[in-house]
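Each chain gets a letter, A, B and so on, in the order its sequence line appears, and its residues count up from 1.
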Amino acid sequence: MSGENGQDEQHPDAPDGGAQGGEQLALIRDTVRKNRAKPRTWRGAALAEGLPVARVLVDKGLVHLDQYFDYAVPAAMDEEARPGVRVRVRFGARVVKGRREGGTLHDGFIVERRADTDFRGPLAPLAQVLSPEPVLTPALLALCRQVADRYAGALADVVQLAVPPRMARAERDPSPQPRSDPPMPEPGSWERYATGPAYLAALARGDTPRAVWLALPGPHWPGELATAMATALASGRGALAVLPDGRAAARVDQALTALLGEGRHVLLTADAGPEERYRRWLAVSRGTVKAVVGTRAAMFAPVADLGLVALWDDGDSSHAEQHAPQPHAREVLLLRAREERTAFLLGGVTSTVEGAQLVESGWALPLAASRAEVRAAAPLIRTVSDADQARDEAARAARLPSLAWQVTRDALARGPVLVQVPRRGYLPKLACDRCREPARCAACAGPLELRDRSGTPVCGWCGRPAADWHCAECGGTRLRARVVGARRTAEELGRVFPSVPVRTSGRDTVLASVGDAPALVVATPGAEPVADGPGYAAALLLDGWALLNRPDLRAGEEALRRWALAAALVRPASQQGTVVVLAEPTLRPVQALVRWDPAGHALRELSERAELRFPPVARMASVIGSPAAIADVVDTLRLPPGADLLGPVPVPSGRGEWEARGRGGGGGRGGGSGGGRGERGERGGAPAQGEREREPRERLLIRVPPGSGAALAAALKEARVARAARGAAEPALMRMDPLDIG
DNA sequence: AGCACGCCGACT
DNA sequence: GTCGGCGTGCTC
């Protein structure tokens with residue numbers, strides 16, 4: 001495998017020149033000057049003798065400046081005040097007539113014990129050591145630092161994501177005894193992949209193979225993931241797997257328990273509750289457990305002697321952290337693979353463009369099955385186009401095309417049938433109730449949507465409300481949603497097949513599994529239960545329209561991903577497993593599904609992105625704020641060569657993701673193109689009391705060539721620090737790798 | 001980010 | 001004379 005002897009191979013995202021990240025941040029971190037002073041402190045309290053200074057990462061406070069503060073260590077705390085422990089310090093005090101006054105208590109972590117300080121002034125003493133547990137170990141701190149640099153974020157923000165809150169009771173309990181390494185597992189179903197056994201063999205002998213694994217459809221992937229982890233453990237190293245949700249994590253946890261028994265690994269998910277979760281995290285931090293299966297936050301788990309990092313289904317949006325600086329599990333694990341010299345396994349039923357890029361760049365090898373194996377495992381895929389649907393009389397009556405109806409009826413004789421319906425929250429596009437023609441805006445021909453429950457359709461492009469719409473084709477005046485929700489579908493199907501039980505799995509109630517008896521299982525994407533036994537007899541994928549019509553760079557990739565995840569739960573075609581997808585068969589993701597060729601799809605997407613100079617080939621950052629704020633950021637930024645500025649344009653309203661704070665109103669903004677950067681705050685007409693002034697928000701995209709991502713992150717961070725130090729009035733939001741670009 | 005100090009206008 | 005505007009600067 002690629003990693004066996006090439007430890008120095010460059011990851012595509014590695015900082016330019018290959019050195020370690022964030023060179024330009026040195027000026028912030030490198031506050032150590034030559035004028036080292038012996039620490040003085042305020043009251044003449046006795047200080048610790050050997051290393052009287054504690055360098056502290058203060059939580060909150062000046063996160064933006066992203067710097068450490070030195071505190072004096074009272075003699076009484078000498079023993080406990082070790083690097084990594086949580087402390088409490090007084091911060092922000094003022095000197096009044098030679099005495100310190102005020103200052104509020106902040107939590108923080110000791111990062112280092114020192115003999116001296118570079119702060120010219122008296123040090124305040126540590127207020128309290130909260131716990132002797134060294135949670136922010138040097139290795140974890142280094143990882144947090146890397147992630148902060150990668151995302152132009154503040155260290156304290158990342159540490160908050162990486163270190164769980166303290167639960168005193170869990171800390172008091174001793175962690176279990178470390179176990180000896182388990183025996184080497186058999187490859188099992190890994191044999192189905194041409195290079196599967198070779199990958200395991202490399203893991204087994206302590207190498208660091210890196211692979212993008214296209215899992216075959218079917219129920220075997222949790223066991224395969226667990227086998228890879230067990231192999232890393234057997235080689236004497238630790239292993240970490242991150243999964244998109246608790247259900248998937250539980251499946252791998254079960255598989256790992258079947259392989260290793262209890263006690264050699266932990267499951268880190270929110271389900272366990274904060275105290276139990278912290279207990280398990282401590283077992284990892286203390287080094288007594290060397291394997292972790294978990295959801296997103298587990299990406300930081302401080303596994304000792306890490307040998308393998310694995311990520312399942314990196315296209316799932318839950319792998320993107322919601323809190324600043326929004327690190328993505330894939331990127332964090334890539335950092336860890338590089339920095340901690342580990343094997344890497346990126347698995348999924350489909351591939352993201354990022355996964356394809358890892359293969360294209362040669363950093364990882366593809367781990368895929370032969371066409372023959374794919375044919376043996378995949379269900380038969382059939383499509384229903386819009387034209388088929390419109391022609392289809394049955395469609396009008398039951399909202400279910402006749403093909404779907406037939407397949408369902410036949411399959412129900414053999415087992416359960418999965419019905420994938422759009423998730424609520426997707427803006428339903430509208431169509432003429434009479435002729436099914438998509439409803440369009442009279443002004444700009446954009447698609448009409450229902451944005452809220454008010455019932456008035458709004459143009460998705462120009463935002464104009466369409467109160468008195470009529471169809472341009474047939475003159476009809478009634479609209480209907482082109483997608484139907486889960487409950488409604490369930491009801492209708494229940495009427496069509498009255499003798500079959502209907503079960504639903506969605507946002508509020510997600511079923512983990514269903515039995516193998518005939519049933520209609522209506523689920524939203526991502527909430528599909530696994531069917532026991534051989535799997536579903538058939539699946540209907542009814543949300544093709546909703547998935548493909550999103551104005552998103554990833555719409556195709558995402559549609560294919562969701563379809564394939566559902567289709568992977570269906571029996572192979574050899575057992576009459578059939579999938580009916582309501583989507584145009586000419587569309588690229590639909591073809592990729594029919595041929596079951598997710599790798600080809602990802603590769604084509606990747607080459608298109610490269611042509612268009614889109615991420616992840618180029619790297620991007622976004623700056624959001626008022627025109628004045630954006631202009632100020634641009635003036636402050638020292639961009640790497642080859643950087644493009646795109647925009648600024650008004651921030652698309654409605655979706656919360658990009659709103660800095662508060663709710664941007666819906667209102668239609670004609671089509672104004674942002675213009676220059678001249679107009680600053682309008683002091684003229686004062687807004688009425690109570691109505692908050694709505695400053696225009698715009699978004700600037702910054703694009704840099706491949707390889708300059710780290711330089712861009714460094715520039716952003718530098719600008720952020722400079723602006724914060726200057727006390728810039730206008731807030732601006734800066735993000736690396738913005739998700740929602742057009 | 002908070003928070004205090006500081007130096008200029010209309011009130012008891 | 002005093003309250004209070006937010007400009008400026010600092011926080012180990």
Side-chain angles (χ1 to χ4, degrees), chain A residues 27-45 47-48 51-74 77-78 81 83 85-130 136 148 152-160 323-325 625 628-629 632-633 636 660-662 680-681 683 686 693 717 719-734:
Chain A
L27 54 121
I28 304 156
R29 221 167 306 151
D30 186 37
T31 44
V32 182
R33 289 280 142 62
K34 273 296 102 162
N35 60 357
R36 299 203 168 155
K38 270 187 44 198
R40 296 175 288 138
T41 189
W42 278 89
R43 314 271 221 126
L47 295 188
L51 299 168
V53 176
R55 188 148 281 183
V56 173
L57 172 69
V58 181
D59 205 13
K60 313 279 173 10
L62 291 335
V63 276
H64 292 293
L65 295 190
D66 208 10
Q67 62 188 22
Y68 298 133
F69 292 88
D70 285 349
Y71 284 82
V73 181
M77 299 182 190
D78 188 18
V85 302
R86 299 180 215 253
V87 291
R88 204 165 289 205
V89 295
R90 212 163 269 289
F91 187 80
R94 201 132 305 268
V95 179
V96 181
K97 284 182 284 183
R99 295 183 69 89
R100 301 171 56 78
E101 277 181 13
T104 46
L105 284 174
H106 287 254
D107 286 350
F109 299 88
I110 295 183
V111 150
E112 188 189 357
R113 284 288 297 272
R114 306 172 54 94
D116 50 27
T117 178
D118 55 322
F119 182 65
R120 322 151 147 275
L123 298 186
L126 295 175
Q128 188 189 356
V129 175
L130 282 172
L136 186 59
L155 176 63
D157 286 341
V158 179
V159 167
Q160 198 161 18
H323 299 108
D632 180 53
V633 169
T636 311
R661 75 186 68 165
R680 336 232 125 176
R683 296 267 164 246
E693 184 177 355
K717 192 153 177 177
R720 167 174 299 158
V721 169
R723 276 169 46 83
R726 194 203 306 153
E730 296 271 1
L733 228 69
M734 304 180 217

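Where DNA chain C meets chain A (any atom under 4.0 Å from a heavy atom), the bounding nucleotides read 5' to 3' are C:dC10 to C:dC12.
Every residue was checked against the salt bridge (Lys or Arg N to Asp or Glu O under 4.0 Å) condition with A:Arg94, not counting sequence neighbours, and none meets it. Taking the salt bridge (Lys or Arg N to Asp or Glu O under 4.0 Å) definition, one finds that A:Arg90 meets it with nothing, sequence neighbours left out. Under the ring pair (Phe, Tyr, Trp, His ring centres under 6.0 Å) criterion, A:Phe69 pairs with A:Phe91, sequence neighbours left out. Take A:Asp70 and apply the side chain to side chain donor-acceptor pair (under 3.5 Å) test, not counting sequence neighbours, and it matches A:Arg55, A:Thr117. Residues satisfying the salt bridge (Lys or Arg N to Asp or Glu O under 4.0 Å) criterion with A:Asp632, sequence neighbours excluded, are A:Arg723, A:Arg726.
The residue A:Ala93 sits close only to the backbone: its heavy atoms come under 4.0 Å of sugar-phosphate atoms, none of a base.
Whole-Å rounding puts the A:Arg90 CZ to B:dC3 P distance at 13 Å.
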